[in-house]
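As structure tokens, the structure follows; a few thoughts come after it.
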Amino acid sequence: METTINGLLGLDVDAINNRLVFAPRVPVTWDHVTIQHIHLSARSITLTLHRSAGLVTLHISNSGDPFHLSFAPDLPLGATLRRSLFNQHPVDGKIENYPQQTVGHVELVIPNGESEIELHF
């Protein structure tokens, strides 16, 4: 199970620093994945990832205080980032290119309640 959480889902929970890393490396045939009951200190978090042509969307449900999220999903090799949105507002995002991998990346503070990140590429 730990291999799936760390490798495939790229999930790292750091309660001491109030930080969650979600860097999914799911198969290209998966168009969505949901992870429920992620415990980070006194909160429970649910992440739902959706992928479609030119768009990766992450829906976040946070039952507690704000926390820091590093979201770094795989994108198609050589993709360029057109825009990044957090709750429909532009945010800084970047592309990280490696020889056999392209990754979109945003760093955000996630408030209590429901939030959504969109990476348009």
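Just so it is clear, the values below take in all heavy atoms, side chains as well, and ignore hydrogens, waters and symmetry mates. From a predicted model like this one, the values you see are computed outputs, not experimental measurements.
Atom CG of Asp31 has more than 12 heavy atoms from other residues, nucleotides or ligands within 6.0 Å. Counting non-hydrogen atoms of other residues, nucleotides and ligands closer than 6.0 Å to NE2 of His32 gives a total of 12 or fewer.
Between Leu119 and Leu55, the closest side-chain pair of non-hydrogen atoms is not below 4.5 Å. Taking 4.5 Å as the limit, some side-chain heavy atom of Leu40 sits within range of a side-chain heavy atom of Asn18. A heavy-atom distance below 4.5 Å is not found between the side chains of Asp14 and Val21. Under the 4.5 Å side-chain criterion, counting only non-hydrogen atoms from C-beta, Asp65 is not in contact with Ser41. No side-chain heavy atom of Arg83 sits less than 4.5 Å from a side-chain heavy atom of Pro90. At a threshold of 4.5 Å between non-hydrogen side-chain atoms, the residues Pro76 and Phe121 count as touching. Side-chain contact between Phe86 and Ser84 is absent, with no heavy atoms from C-beta onward closer than 4.5 Å.
When only modelled atom types and interatomic distance are considered, Glu107 and Ser70 share a side-chain donor-acceptor pair under 3.5 Å.
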Q.
side chain to side chain donor-acceptor pair (under 3.5 Å), that's the test. Do Gln100 and Tyr98 meet it? Break it down for me.
A. CA-CA 6 Å; Gln100 296 181 356; Tyr98 304 99; over 6 Å; no
**Q.** Worked check of side chain to side chain donor-acceptor pair (under 3.5 Å) between Thr34 and Thr48
**A.** CA-CA 4 Å; Thr34 298; Thr48 302; 3.3 Å; yes
Q | Worked verdict on His120 versus Arg82 for side chain to side chain donor-acceptor pair (under 3.5 Å) | A | CA-CA 5 Å; His120 296 259; Arg82 291 186 11 236; 4.5 Å; no
Q. Can you list the steps and then say if Gln36 with Thr46 is a side chain to side chain donor-acceptor pair (under 3.5 Å)?
A. CA-CA 4 Å; Gln36 297 177 313; Thr46 298; 5.1 Å; no
Q. Taking it one step at a time, do Asp12 and Leu20 satisfy side-chain contact (heavy atoms from CB on, under 4.5 Å)?
A. CA-CA 6 Å; Asp12 183 32; Leu20 181 67; over 6 Å; no
Q | Candidate pair Val106 and Asp92, rule side-chain contact (heavy atoms from CB on, under 4.5 Å), full reasoning | A | CA-CA 7 Å; Val106 292; Asp92 289 333; over 6 Å; no
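Criterion: ILVMFWY side-chain heavy atoms under 4.5 Å apart, direct or through other members. Under it, Ile35 and Ile117 are part of a common hydrophobic cluster. One hydrophobic cluster, built from ILVMFWY side chains closer than 4.5 Å, cannot hold both Leu85 and Leu58; they sit in different ones. Hydrophobic clustering (ILVMFWY, side-chain heavy atoms < 4.5 Å, transitive): Leu11 and Trp30 are in one cluster.
Minimum heavy-atom separation, Pro24 to Leu49: CG-CD2, 3.9 Å. When all heavy atoms of Gly93 and Leu81 are compared, the pair lying nearest together is C-CD2, 3.6 Å. Among all heavy-atom pairs drawn from Asn112 and Asn62, the shortest one is ND2-O, 3.6 Å. Taking every heavy atom of both residues into account, Asn87 and Ser115 meet most closely at OD1-CA, 3.2 Å. In terms of heavy-atom proximity, Gln101 sits nearest to Leu77 at N-CD1, 3.4 Å. Across every non-hydrogen atom of Arg51 and Val56, the tightest pair is CG-CG2, 4.2 Å.
A donor-acceptor pair under 3.5 Å is absent between the side-chain atoms of Ser44 and the main chain of His39, judged by distance alone. The main-chain N or O of Val103 is never found under 3.5 Å from a side-chain atom of Asn97 such that the two would form a donor-acceptor pair. Counting only distance, with no hydrogens or angles, the side chain of Thr102 and the backbone of Gly78 share a donor-acceptor pair below 3.5 Å.
The distance from atom CD1 of Ile110 to atom CZ of Arg19, rounded to the nearest 0.5 Å, is 11.5 Å. To the nearest 0.5 Å, atom CD of residue Gln88 and atom CD of residue Glu116 are 6.5 Å apart. If you take CG on Asp74 and CZ on Arg25, they are separated by 4.0 Å, rounding to the nearest 0.5 Å. Atom CD1 of residue Ile45 and atom OG of residue Ser63 lie 7.5 Å apart, to the nearest 0.5 angstrom.
Among the candidates Leu108, Ile60, Val109, the single residue satisfying the side chain to side chain contact (heavy atoms under 4.5 Å, CB included) test with Phe67 is Ile60.
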